[in-house]
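Just below is one structure, and these are the notes that go with it.
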Amino acid sequence: MDEDQFFKEKAETNIFKQVIYKYLPFWPLFLITVSISLLIAYINLRSKVPIYVAAGRVLLKDPNKGGGDSKVLDALNIFSEKKIVDNEILVMRSTDLMQEVVKELDLFGAVYNEGNVQTEELYKANSPVEFRVMDRENFNSWTKYYFSVDWKKKVIVIDNKSVPFDSTVVLDNQLIRLAVNHEYNPNVIGKNYFVKFSGASGVAGALSSGLSISPYSYSSTVLNVSLQTPVPEKGKDILNKIFELYNKNGIKDKNEIAVRTLQFIDDRLSLVTYQLDSVEKNIAAYKSSDFVVDLGTQASSYYGKVKSLDEKNSQLDLQLDLLNEVNNYARSKGKQTGTVPSLMLLSDGTLSGLLSKLYDAEVQAEKLQSVTGERNDALMLANAEIMRIKDDIFENIANIRKNILLEKRQIQSQIAENNYLLEKIPQKERVFLDISRQQAIKNNIYTYLLQKREETAISSASTGADLRVIEAAYSYGPIQPIAKNFYLT
């Protein structure tokens, strides 16, 4: 009886039974193939390094969107500025910030356990030894060393050297401290440990590739920050350190601006104080020698007009001095470090915007240079953009200076016209008015500078962090490989 005849005789009206009767004789083949597939999936799954996600959520403070400090502190903070979310994301993802994280957390030496199927990274509580670099600023080693721990003799054997617990050793001309984890289980055997050293730039580049930052919504300054890593505890430490250093650097930048502004105001105060003392001495000497007591109504009218014009003229001089400071800053940008002084004495939004663009363009160029090298086309375009922005800045400064000088000429012309009135004032009264006018001008400038100095000092004292952690770093996963997908496949 052949197979067709067999199934014909066993035919049923139920199609389900027909299928069972047709394939039931092959159940050993199904069992074998499914078992082999599951075994292959298991082995493949064991060979994969699981990847976890460390995530956190932060609020980027922006007074224009309600994310800043209290209204009282906002009113005191004369250095407050609108936060552009894309720019701040670029800062948080910058290589320089990540290198600071690497140095702060001492992530130069990663410890691994090399198994038969999988190589596992060990961190903190899971690692028997922590390799701490003594000179973190100049560390530049790219080496790999196998080591073993003798818990009875309390030594670590590495690079053919027996190093006592918690002591230092020289590896690849670098001084390393071996900090033993005394909470580690000494009964663990069969481990094949090794440490892999990398420079700060290499570690930072690897970490940055797994870092993701995105706004919670289009109109929100809340940022979702996540980092893919095989060690969730390490990922959480990195995110928390990024938040900490971002705030620290932001406060440092604000304080530098405040210091430079205070220095500029103090220099002007010293000069005005000297001039004011000289004028007061002249008034005292003049009153004593010429017996000057009162001024006429006509002289008072002139005094009021010229006083107002001289105040404007002095403020224009301050603006010209500040333009020179900004011009020197723009010319030295990229060659030496420095922070632009506050533009609170100038009311030109175009200049402020161009300086912000210059900062952003140089941040982008520095990032490209650290990633692609100096002869990359993108870097050349970025440098060309920097030069174009600088040209725009110098042109804008020239236009502002031209307008100020034009206004000064107009004021001086008006002063000259009012000086004609002095010809009708007795010589003695005119000399006294001139000295008194100088005293009033210097007093007004002195009061104005003192007010700005106090505002700057209060703003510096009220400077707060730009970032507030809404959700501290946490971890979940693994996101890959997913075991059920392997087995279902």
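Please read all numbers here as calculations on a predicted model, not as lab measurements.
- Residues Q99 and S201 form a side-chain contact, since some pair of their non-hydrogen atoms from C-beta on lies under 4.5 Å apart.
- Side-chain N or O atoms of N181 include one that pairs as donor or acceptor with a backbone N or O of S127 at under 3.5 Å.
- Heavy-atom minimum distance, N138 versus Q174: O-NE2, 4.3 Å.
- Legend: residues meeting side-chain hydrogen bond (donor to acceptor under 3.5 Å, both in side chains) with E121, ordered by chain and number and at least two apart, are K234.
- One N or O on the side chain of R177 and one on the backbone of D166 form a donor-acceptor pair closer than 3.5 Å.
- Nearest heavy atoms, S167 versus V163: OG-CG1, 3.2 Å.
- Atom NZ of K161 has more than 12 heavy atoms from other residues, nucleotides or ligands within 6.0 Å.
- Counting only heavy atoms from C-beta outward, the side chains of L122 and P128 approach each other to under 4.5 Å.
- No side-chain heavy atom of I242 sits less than 4.5 Å from a side-chain heavy atom of V225.
- The closest donor-acceptor contact from the side chain of N327 to the backbone of L323 lies at 3.5 Å or more, if one exists at all.
- In this structure, the side-chain hydrogen bond (donor to acceptor under 3.5 Å, both in side chains) partners of Y193, at least two apart in sequence or on a different chain, are Y184.
- Residues L211 and M92 approach most closely at CD2-O, 4.1 Å, considering heavy atoms.
- Under the side chain to side chain contact (heavy atoms under 4.5 Å, CB included) criterion, Y474 pairs with A55, E471, Y476, not counting sequence neighbours.
- Counting heavy atoms from C-beta on, the side chains of E88 and T221 never come closer than 4.5 Å.
- No donor-acceptor pair closer than 3.5 Å links the side chain of S208 to the backbone N or O of G205.
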Side chain to side chain contact (heavy atoms under 4.5 Å, CB included) assessment of T143 paired with L171: CA-CA 9 Å; T143 52; L171 300 175; 5.8 Å; no

Evaluation steps, side chain to side chain contact (heavy atoms under 4.5 Å, CB included), between F139 and D106: CA-CA 11 Å; F139 184 81; D106 200 353; over 6 Å; no

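- Counting heavy atoms from C-beta on, the side chains of L178 and F147 never come closer than 4.5 Å.
- By the 6.0 Å contact criterion, CZ on F394 is enclosed, its count of non-hydrogen atoms from other residues, nucleotides or ligands being greater than 12.
- Looking at V129 and V195, their side chains never come closer than 4.5 Å, going by heavy atoms from C-beta outward.
- Between the D135 side chain and the L175 main chain, no donor and acceptor come within less than 3.5 Å of each other.
- A cation-pi arrangement, defined by a distance under 6.0 Å to the six-membered ring centre and an angle within 45 degrees of its axis, is present between K144 and F194.
- Residues D392 and R388 meet the side-chain proximity criterion, which asks for heavy atoms closer than 4.5 Å.
- The aromatic ring centroids of Y145 and F131 lie 6.0 Å or more from each other.
- Annotation: side chain to side chain contact (heavy atoms under 4.5 Å, CB included) contacts of L105 (sequence neighbours excluded): V101, L107, D237, I238, K241.
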Could you walk me through whether I176 and F197 pass side chain to side chain contact (heavy atoms under 4.5 Å, CB included), step by step? CA-CA 11 Å; I176 310 295; F197 291 104; 4.2 Å; yes

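- Residues satisfying the side-chain hydrogen bond (donor to acceptor under 3.5 Å, both in side chains) criterion with E395, sequence neighbours excluded, are absent altogether.
- In this structure, I89 and P215 have side chains that are in contact, with non-hydrogen atoms separated by less than 4.5 Å.
- Remark: D321 engages R268 in a side-chain hydrogen bond (donor to acceptor under 3.5 Å, both in side chains) (not counting sequence neighbours).
- By the 30° and 60° cut-offs, the orientation of the rings of F165 relative to W151 is perpendicular.
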